[in-house]
Each structure stands twice: as structure tokens, then as C-alpha cells.
Amino acid sequence: MHKLLRLVLPILLLSVSVSTAAKIIKEERSLYRNIFVEDKENVRCLKFSVKRQSSNQSCIYIDDEYKLVFDYTKFIMSTLVFKPDPQRVLIIGLGGGTLSNSLLHMYPNIEIDNVEIDPAVVKVAVDYFNFKQTDKVKSHVKDGRIFIKRALKKQPRYDFIILDAFNGEYIPEHLLTAEFLQESQQLLTDDGILVANTFSSSDLYHHESATYHHVFGDFYTLVNRRLNGNRIIVIDNSTLSDAQFEQNKKSLARKLSEFDIDLEGVLATLKLEEKHVSDYKILTDQYSPANLL
Amino acid sequence: MKSGKHNLLIYFLAFSCGFSIMGIELLAGRILAPYFGSSVHVWGSIITVFMLALSLGYLLGGKLSLHHPSLYKFGSLFIFSGLALLPLAYYSIPLLELVFEHIEDSRYGSLLASMGLFFIPTIILGMISPYSVRLLVSHQEESGQVAGRLYFVSTLGSALGTLATSFYLVMWFNVNSIILSFCGILIVLGILALGVAQSRNVSLQHA
């Protein structure tokens, strides 16, 4: 018996450690960064660095296609309460394509333009994260700023714009300036909303607030206390009445629960940030040292 | 003015020229980013244009130094370079818009825009180094040492211009303020050289 235990125990321990250990299943080197796909238990993540735990860019549950892993994606999906019937969506920054997939699942007829600078990210999203592309859901390999400038020359407008291009390690500084936000604003329909995922810490937080206030006036934020410094900024062009807002909340709560979103809980963190005089300089194409702040 | 001080002035001017060239080159990335992004090919365009302009500038500066080289002409080069940089602060956006409108590929777009914005001022700045050598060399046997010293100060200037601009100046000032400061410094240094040239002429006539 003792002998048997000595034989079996290591195998048992090994199998336990194997099942919980993180395993890199794909490595892709691109012009911009290294990309890793890591499986750990039932979660698969897209990472830009193996060492740092915080470098998870996008994660999915391997056994549940629609359940969302990250709070920030849940927060962004919750902003549908401001715009429960989006027709044309622009997403800057693809990651694993989670937002695009979720929106397509909720609205099978939706049109989505996903813009991603790195072709390797698109490839990994398709191969490992089941990023779905149809004739209405497309990905464009382009710098976000260039895509928006080109789109302005044509006519189409978007009623839901999601800015999700910051990965927390390096900020593309030309995507954080007042001019960029003004260009994005011009792409919005009259009743469209713009949602930005910004991780903001240090002084950058204040510069960023000043910049958003300068371009949009008041805005809403959804802030996650558990995540360090993530905040979702919501620009709502429509004049939604309280009654309509409550109505939207009711009609969306059940649909969103499929993504593991507690809408009531998320909206409890909703705050109106009123425009105020700020001591912080706004970020512009002339002044954009975002990575130094 | 003694020739030692005169030489020091030329070395200092060459240092400032190196400082401005790299300062402007770094700002070029900032200026192009809203229209062409900041990928490696945009930096490729910028560096290509600067290297091309400098190589032509060296050629032209050397040629210019053959005909009656003087501190007066040397100072004028600085004033011209400062003036040639001025449009960068005022007309870069219309030029970028125009290129953006007509060229879809951001590689060739950034190349053409860099050409339009930086080619001419960088040629003039490139003329300064060989011209400095001509003014500094008085005997054939010291020419190598003079050239070595000149490369030393101007490249040291470039290193410091790169560092100061990318670490601090962009954090403290607007891009246009930095450009206008470079213009101002180059023009003031040019006028200083003209003044020294003038006073040397006067003192030579009196001697």
C-alpha cells in the first residue's frame, strides 16, 4: 500500500499541477509586439508579455463561448443601455474580438468595423478566439487614427463607437488627443454614443479628463474599483429620458446576463463627470506626451 | 577677436546645428503621426528624408566652401536654415492634408510629406558641417584632426538634441513652440556670426 502510494502520489500531484499550470499554446511575433495565447484551466488569454500577469489583453472561457471574463468588457457591453439598438458599430482595437463577437451574438444583423493595427492580432483572434467575420462584420488592418480620418472623407456614420486601443504598456499618443476625439465625434450619428476604455493612473488621468471635457463637455464614467485604474468613459449624444433609460435597463438585463453581466451592479458605478475648470493641460496633437505622464 | 575664440564660436555653432537637426527629426514623428500613424515605416520615411537631405547638404556645403569662404556666409546659412524651418510651424497641416487626400498608402504618404516638410531645411543644415571644416582648417596636416573634432561636437549636439527633445521638451512644450525655438536659436546664432564677421573686418581694416 505504502509502495503504491509512493508510486501514485507523484502522478496525482503532477496531474493536478498540469491542470492548473498556464500553458502557452501559441506564440506570434509581429512588427509591433510579441503575442502569446495562454491556456490556464478553462480560460484562454491573449497576452503581449508572458511574464507580467497584468498583460492579459483579452480572455475567453474555453467552455463557455459567451460568458465574458473581464469586467471592462462587461462594462462596455453595459453601455448599450444608452443605445439599445445599435446599427453600425466602430471598434478601434480588436484584441481577441470579444466585443465584436458579443455584439454580433446580441444583434445578428449588426454592422461592425473592427480596426486593428496589427495583422498578427487579427490572425490570432480568428484562429484562437473564434473571432467571427461576416459580410457585415469586418476587420480592417489600419492605424485607428488613419481609419477615422479616411472614414470622415466618406459619408457613413456610426451610432456606437468603441475606443479600446490602449494596452496599458504603451499608449499610441495620437489616439488620445483632442483632435482625435473631435474626429471620432464627427463620425457619430446625432444619437450615437462613444465609449472609451481608458486605464488611467497618475497624472495622465487628469490630463485625459480635461481632454474629454474639452471636446465633449460632461460625460459619464463607469469605474471598476477592483481593477486598477480602468475606467470606461461614455459620451451620450442622445437625450435619453429617465423613463427610457429605465426601460432600456429592464429590456437589456436579461439578455446581458447571458454574458455574465450584472447590469444593475455595473450601473451602480455610473457617475456623471461634469465639466469643470482643470489645472491640467489638455492633450493635443501639439502636446501629447501621454507615455511620459 | 583671436582665432581661438573664433574657432570656438564655429564649434559651438556646429554643435547647435547638430542639436537642432535631431530635435527636428524627433518632432517629425509627432507631426506625421495624426496622418500616417507612428509605425516603423513612418520612422523609415523620416530617417530616409533626413539622411538624403544631409548627404546633399554635405555635398553642397563643400562646394560652397570653395568660393571665398567667410564667417559672413557661414552665419547666413544659419539664418536661412532658421527661416526654412518656419513654415513647419505654420503650414504643415495643409500640406499633410493634401498628401493624405491624394495618397492612400501611408508608406509613400509619409515619405512624400517628410520630403515636403523637412527636405529643404535639412539640406541647409547639412551644409554647415563641411563649411565649418573649411573655416577651421588652416594647415593641411591638421585637417583630419579638425574634421574629427567637428564630427565630435556636431554629433554630440545631435545626441543631446535627441535626448532633450524626446525626454523633456515634448513634455514641457507644444511641438510648434519647440520648432519656433529652434528657428529662433538658429537665426540668433547666425546674426551673432554675422556680427563677429563684421567686427573682424573692421579690426582687420584698422590693423
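Please read these numbers as outputs of a predicted model, since none were measured by experiment. Residue numbers begin at 1 in each chain, while the letters A, B, ... track the order of the sequences.
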### Query
Tell me, side chain or backbone of B:V40 under 4.5 Å from chain A's heavy atoms, or both, or neither?
side chain

### Query
Can you find a pair of side-chain heavy atoms, one from A:D143 and one from B:S106, that are under 4.5 Å apart?
no

### Side-chain donor/acceptor of A:Y287 to backbone N/O of B:M171, under 3.5 Å
yes

### Query
Got a sec: does the CZ of A:R88 have more than 12 other heavy atoms crowding it under 6.0 Å?
yes

### Message
For the interface with chain A, which of B:A33, B:P34, B:G37 has the highest count of heavy-atom pairs at distances below 4.5 Å?
### Response
B:P34

#### Entry: Which of A:E183, A:K153, A:E179 touches chain B most, by non-hydrogen pairs under 4.5 Å
A:K153

#### Entry: B:H67, NE2: over 12 other non-hydrogen atoms inside 6.0 angstrom
yes

## Note on the structure
One should read off an interatomic distance between B:N174 CG and A:D285 CG, to the nearest 0.5 angstrom, of 10.5 Å

### Task
Let me know if A:I148 has heavy atoms under 4.5 Å from chain B in its side chain, its backbone, both or neither.
neither

### Query
Are the side chains of A:Y32 and B:S39 in touch, meaning some heavy atoms are under 4.5 Å apart?
yes

### Task
Can you establish whether the number of heavy atoms outside B:Y11 located under 6.0 Å from its atom OH is more than 12?
yes

### Query
Would one find more than 12 heavy atoms of other residues, nucleotides or ligands at under 6.0 Å from atom CG of B:L60?
yes

### Task
Counting only heavy atoms closer than 4.5 Å, note whether B:S92 contacts chain A via side chain, backbone, both or neither.
neither

### Message
So for A:K149, is it side chain, backbone, both, or neither that comes closer than 4.5 Å to the heavy atoms of chain B?
### Response
both

### Query
Around B:R107, counting heavy atoms of other residues, nucleotides and ligands shown, do more than 12 lie under 6.0 Å from its CZ?
no

### Task
Please check if atom OH in A:Y220 has more than 12 non-hydrogen atoms from other residues, nucleotides or ligands closer than 6.0 Å.
no

### Task
Counting only heavy atoms closer than 4.5 Å, note whether A:E173 contacts chain B via side chain, backbone, both or neither.
side chain

### Message
Quick check on the interface: out of A:S288, A:P172, A:G144, who has the most heavy-atom pairs with chain B under 4.5 Å?
### Response
A:S288

#### Entry: Step-by-step side chain to side chain contact (heavy atoms under 4.5 Å, CB included) determination, A:L31 to B:H41
CA-CA 10 Å; A:L31 188 60; B:H41 63 262; 5.7 Å; no

### Task
Go through the atoms of A:T177 and report whether side chain, backbone, both or neither lie under 4.5 Å from a heavy atom of chain B.
neither

### Summary
Pair count under 4.5 Å, heavy atoms only, with chain B: among A:K142, A:H174, A:Q286, highest is A:Q286

### Query
Given that the side chain runs from C-beta out, which part of A:F180 has a heavy atom under 4.5 Å from chain B: side chain, backbone, both or neither?
neither

### Task
Might you confirm whether atom CG of A:D190 has over 12 heavy atoms from other residues, nucleotides or ligands at distances under 6.0 Å?
no

### Query
Heavy-atom count around A:K132 NZ within 6.0 Å, excluding the residue itself: above 12?
yes

### Residue B:F173 versus chain A: region with a heavy atom under 4.5 Å
backbone

### Query
Is there a side chain to side chain contact (heavy atoms under 4.5 Å, CB included) between A:I146 and B:F100 once you walk through the steps?
CA-CA 9 Å; A:I146 299 178; B:F100 185 78; 4.0 Å; yes

#### Entry: Separation between CG of A:N291 and OG of B:S166, rounded to the nearest 0.5 Å
12.0 Å

